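Each remark here refers to the structure printed beneath this line.
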Amino acid sequence: MSVNPAIETAAPVVPLKVRFGGWGTGLMLLAVWMALIAATALYRPDFLSHQTLLAITFTMAVVGVLAIGQGLVAISGGFIDLSQPANMILASLVAVRLSEAGMPVAVVIVGAVISGMVWGAANAAIVVYAKLNPVIVTLATNFIGLAVLFLVFQLAEVPQNSEMYHFGRAKIFELPAIFWPMLALVLIVGFLIPRTKYGRRAIAVGGNKAAAKARGISLKATRFAIFMAAGGFVGFASVLFAATAGPFNPGSANALQLNIIAGVILAGISLAGGRGNFWLLLLSVGFLSTIPTSLVFFGLSSDTQSIFQGFILIIAVAIDGWRARKGTP
């Protein structure tokens, strides 16, 4: 297959930031995460238990996959996708209905992923062809989607005799089975983004639209593909969510949004696009998933947890703005 030489010649300049940049951020994240664990363990030694590890990895599984989708939108210059909660609940409902019909897990996964991709395509059609702000568009589609979902159902849950139910409660190597697909996806996406033509195009579009267009990259096609791919990751996350959440309602995913956005920014994936390291999502999502469990051990209420999450998001946005001004990865 012939490739535009201008694209291939210029492309390696961009991935350098993605492949090697941001490791200083990773070391700081790791240090803060370890400090949080140490402080909680000193206050409550029983924090260092297998149950705590299970709680953290359960949270990491769903948030981590959603953060991949959010990171793809961000790195391509789409800022953020605020419609993830509605998209995930819709795909989760699809997963439940397929499970109720007795479908195997593979069919459930395909159905949920397709549902997520269709949602992403709808967002992309509005953003790309109507040329509207993606933040406003996805905020609107989230509101519309949640309103419709509240009209469709009140509670849903995968049947307890289904493969999905057992998958959600299974363990592999003493960790939740749903944790391992998240880990694999983060590693695979982190490897592919700076090393493939499509990944480099996404970064180029996010980093400099004019330059990307001059190199022959279709901005519309790239953005459309990114939104669809991001929707597919939301669909996969919905399978993990539905398999473990128990009864859920249309508003059950709203609380995840702060952690997802903060996780993307703390990993060094710029909301302005063009730079980021997907591998660092493992550290940022791990840190953010530890905070709620840690606060419980400190005896703080769920309202206090929301305050902490809000402050962390503000700090993360401030860091992203500082990076953008300094031009650092």
Side-chain angles (χ1 to χ4, degrees), residues 25-68 70 88 92 157-158 164-187 236-248 252-267 278-313 315-316:
T25 299
L27 291 175
M28 287 188 290
L29 263 175
L30 181 61
V32 174
W33 189 11
M34 293 302 103
L36 174 64
I37 292 173
T40 311
L42 285 173
Y43 183 77
R44 287 279 300 273
D46 55 333
F47 175 75
L48 298 177
S49 68
H50 187 243
Q51 289 303 313
T52 298
L53 181 61
L54 287 176
I56 293 171
T57 49
F58 258 110
T59 304
M60 285 183 68
V62 177
V63 174
V65 178
L66 290 171
I68 297 172
Q70 195 70 265
M88 191 176 82
S92 297
E157 181 181 10
V158 295
M164 276 278 290
Y165 181 87
H166 295 298
F167 167 67
R169 284 143 190 84
K171 294 184 181 66
I172 300 175
F173 300 121
E174 295 304 313
L175 290 178
I178 65 169
F179 172 79
W180 299 105
M182 181 279 298
L183 177 62
L185 286 174
V186 171
L187 294 177
F236 188 83
S238 73
V239 175
L240 308 183
F241 172 81
T244 57
F248 63 89
S252 294
N254 290 337
L256 299 175
Q257 191 76 294
L258 283 179
N259 273 358
I260 296 163
I261 298 172
V264 167
I265 300 173
L266 288 177
F278 280 80
W279 284 338
L280 294 186
L281 284 175
L282 293 174
L283 293 178
S284 63
V285 171
F287 166 62
L288 293 168
S289 299
T290 303
I291 291 176
T293 305
S294 181
L295 293 179
V296 168
F297 276 85
F298 279 110
L300 299 177
S301 66
S302 58
D303 292 333
T304 307
Q305 294 175 26
S306 298
I307 293 172
F308 267 85
Q309 290 173 334
F311 273 117
I312 289 172
L313 180 57
I315 294 169

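Computed from a predicted structure; not experimentally measured.
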Q. Does the gap between the ring centers of Phe248 and Phe241 come in under 6.0 Å?
A. yes
Drop me the distance from [X]'s [atom1] to [Y]'s [atom2], to the nearest 0.5 angstrom.
X      : Y      : atom1 : atom2 : result
Leu42  : Ile37  : CG    : CD1   : 12.0 Å
Leu281 : Leu29  : CG    : CG    : 10.0 Å
Gln257 : Met88  : CD    : CE    : 10.0 Å
Ile260 : Ser284 : CD1   : OG    : 11.5 Å
Leu66  : Ile261 : CG    : CD1   : 11.0 Å
Thr57  : Lys171 : OG1   : NZ    : 9.5 Å

Which pair of heavy atoms, one from [X] and one from [Y], lies closest together, and at what distance?
X      : Y      : result
Glu157 : Gly246 : CG-C, 3.7 Å
Ala237 : Val62  : CB-O, 4.1 Å
Ala242 : Met164 : CB-CE, 4.1 Å
Leu54  : Pro176 : CD2-CD, 3.6 Å
Thr244 : Gly168 : CG2-O, 3.3 Å
Gly286 : Ile56  : O-CG2, 4.3 Å

Q) Donor-acceptor pair, Trp180 side chain versus Ile172 backbone, under 3.5 Å? A)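 Yes.
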Q.
Determine whether a donor-acceptor pair (N or O, by modelled atom type, separation under 3.5 Å) exists between the side chain of His50 and the backbone of Glu174.
A.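 Such a contact is found between His50 side chain and Glu174 backbone.
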Q) So Leu288 and Met60, side chain to side chain contact (heavy atoms under 4.5 Å, CB included) or not? Walk me through it. A) CA-CA 8 Å; Leu288 293 168; Met60 285 183 68; over 6 Å; no
Q: Please test Phe47 against Thr290 for side chain to side chain contact (heavy atoms under 4.5 Å, CB included), starting from the C-alpha separation and ending with a verdict.
A: CA-CA 11 Å; Phe47 175 75; Thr290 303; 4.0 Å; yes
Q) Relative to Phe167, does Arg169 satisfy both conditions: NZ or CZ under 6.0 angstrom from the six-membered ring centre, and within 45 degrees of the ring's axis? A) no
Q: Would you please say whether a donor-acceptor pair under 3.5 Å links the side chains of Ser49 and Thr52?
A: yes
Q. Just by distance, with hydrogens left out, do Thr59 and Ser289 show a side-chain donor and acceptor under 3.5 Å apart?
A. no
Q. With Leu266, which of Val32, Leu280, Ile312 fulfils side-chain contact (heavy atoms from CB on, under 4.5 Å)?
A.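 Testing each of Val32, Leu280, Ile312 against Leu266, the sole residue satisfying side-chain contact (heavy atoms from CB on, under 4.5 Å) is Ile312.
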Q: Mind running side chain to side chain contact (heavy atoms under 4.5 Å, CB included) on Tyr43 and Phe297 for me, showing each step along the way?
A: CA-CA 8 Å; Tyr43 183 77; Phe297 276 85; 5.6 Å; no
Q: Could you walk me through whether Phe236 and Leu185 pass the side chain to side chain contact (heavy atoms under 4.5 Å, CB included) test, one step at a time?
A: CA-CA 10 Å; Phe236 188 83; Leu185 286 174; 3.8 Å; yes
Q | Phe311, CZ atom: more than 12 neighbouring heavy atoms under 6.0 Å | A |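 Open: at most 12 neighbouring heavy atoms sit under 6.0 Å from CZ of Phe311.
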